[in-house]
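Worksheet: the structure to be examined is printed underneath.
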Amino acid sequence: MKAQLKPRINLDDRTALETVIPLETPFIVFVDPASSCNFKCTFCPTGHRDMIAETGRYQGAMKYEVFQKVVDDLGEFDRPIKVLRMYKDGEPFLNKRFADMVAYAKKSGHCDYIDSTTNGTFITPERMGPVIEAGLDKLNISVDGMTREQYQQFTGFNFDFDTFVENVKWLYDNKGAMEVSIKIPGELITEAQRQEFFDTFGDYCDRIFIENFAPCWPEFDIEKHTGVKITGGIYQQEIGDTDTCPYIFYGYSVNADGLVSSCFLDWGRKLVIGDVRKETMKDIWNSDRMNALRLQHLEGRRRENGVCGNCGQLSHCLPDNIDAHRPLLLDRFKGHLGARHVGPAPGGLKIPDLSAAE
């Protein structure tokens, strides 16, 4: 097998967050090219159309002009962001201008690296050729079964698996400098199919991994919706616990309609902190809403938050843990806020109603 047996995220050589928080420039910005999906996966909130309808969230593709505004705004930071992560709630390739978006971001010089994740439906020479040319640095491919029947069962989509495999082979042969990562949830396949997964894709990607289901989405009971009992971490690591979310200190997310969420898992739009159509990305990064949430976590009050309080991402998927450094970071962060604010002490910041869209 040519591919390395590695998860899609880099778990090694990570920046010690306690040495860099607070950040003037975020490390990662998620941008959702499309909030809708052609799959109806049982293990994903977006796959449950009734639940999404109840949130009232926008379902569709991001307008190209909104994406341009996001990228242009990134130029206000003092340095390029490390990663522009072009996915969040939906299937990115449902946005027909996805390749144009990658090209625009690449040419801007405002981000060092661009990646995305796809369900593989649109991995065709016609759709992928322009994306490769645009300079996408990495593509994560989610495999959701090893047969057409398994795809139908778990995604509700009549997926041509054999054609998909051939398209993945084409992609690997023509990817240029782009890294290709392929993963599958182990709960979707039989024990015998695990080796078949490696045999089928192991020579046609750069890294490959069998993940576990994880209760990563707040207020979404994945065990209830799938019937799968979760016993381990997403990357086969032990389940832990933390009081402090590290993500809100180094990244945030732009939804397909331009609303900005403090968290890339905000499928229900309950952690909205701004609107890039009306505000700049830099202003939102430094906003009272974002900083109030950070303070809540640093003060050990995460579980007071109705959304963050039951987030399984922090127990089953966490690559970083800053709990041990929280007292130091709290003092440093309050000093950082004091330098920015004129008037009342930053310690008086109150947690706003993050569910209210501006």
Apply the test side chain to side chain donor-acceptor pair (under 3.5 Å) to residues N255 and K88: give CA-CA distance (whole Å), side-chain angles for both, the deciding distance (0.1 Å), then the verdict.
CA-CA 8 Å; N255 299 301; K88 183 178 178 285; 2.8 Å; yes

Does the cation-pi check pass for R148 over F161, that is, NZ or CZ under 6.0 Å from the six-membered ring centre and within 45° of its axis?
no

Using side-chain contact (heavy atoms from CB on, under 4.5 Å), reason through T200 and V168 one step at a time and then give a plain yes or no.
CA-CA 10 Å; T200 301; V168 169; over 6 Å; no

Under 3.5 Å: donor-acceptor pair, side chain of [X], backbone of [Y]:
X    : Y    : result
E279 : D275 : yes
E91  : S36  : no
R326 : L298 : yes
K138 : R8   : yes
Q237 : Y235 : yes
R127 : A99  : no
R85  : V31  : no
E18  : N321 : no
T226 : V228 : yes
K175 : M178 : yes

Starting from the C-alpha separation in whole Å, work towards a yes-or-no answer on side chain to side chain donor-acceptor pair (under 3.5 Å) for N291 and R294.
CA-CA 5 Å; N291 285 329; R294 291 165 176 150; 2.8 Å; yes

Would you call the rings of [X] and [Y] parallel, tilted or perpendicular if under 30° counts as parallel and over 60° as perpendicular?
X    : Y    : result
F264 : Y247 : perpendicular
F220 : W267 : perpendicular
Y151 : F39  : perpendicular
Y172 : Y204 : perpendicular

Take V66 and Y64, measure what side-chain contact (heavy atoms from CB on, under 4.5 Å) needs, and give me the verdict at the end.
CA-CA 5 Å; V66 173; Y64 187 65; over 6 Å; no

Any side-chain heavy-atom pair of [X] and [Y] under 4.5 Å:
X    : Y    : value
Y252 : M281 : yes
F30  : V83  : no
L337 : R332 : no
Q296 : R302 : no
Q150 : L188 : no

Assess the side chains of T280 and D73: does a donor N or O sit below 3.5 Å from an acceptor N or O?
no

Check the pair R97 / F67 against side-chain contact (heavy atoms from CB on, under 4.5 Å), numbers first and verdict last.
CA-CA 10 Å; R97 300 205 66 178; F67 180 80; over 6 Å; no

Could you report the tightest heavy-atom contact between I184 and G145, atom names first, then the distance?
CD1-N, 3.9 Å

Salt bridge K2-D206, side-chain N to carboxylate O under 4.0 Å:
no

Is a salt bridge present between D221 and K224, judged by a nitrogen-to-oxygen distance below 4.0 Å?
no

Let me see the working for T242 and D323 under side chain to side chain donor-acceptor pair (under 3.5 Å), right down to the final yes or no.
CA-CA 6 Å; T242 181; D323 272 1; 2.9 Å; yes

Residues D199, Q195; criterion side chain to side chain donor-acceptor pair (under 3.5 Å); working and verdict:
CA-CA 6 Å; D199 292 342; Q195 186 58 50; 2.9 Å; yes

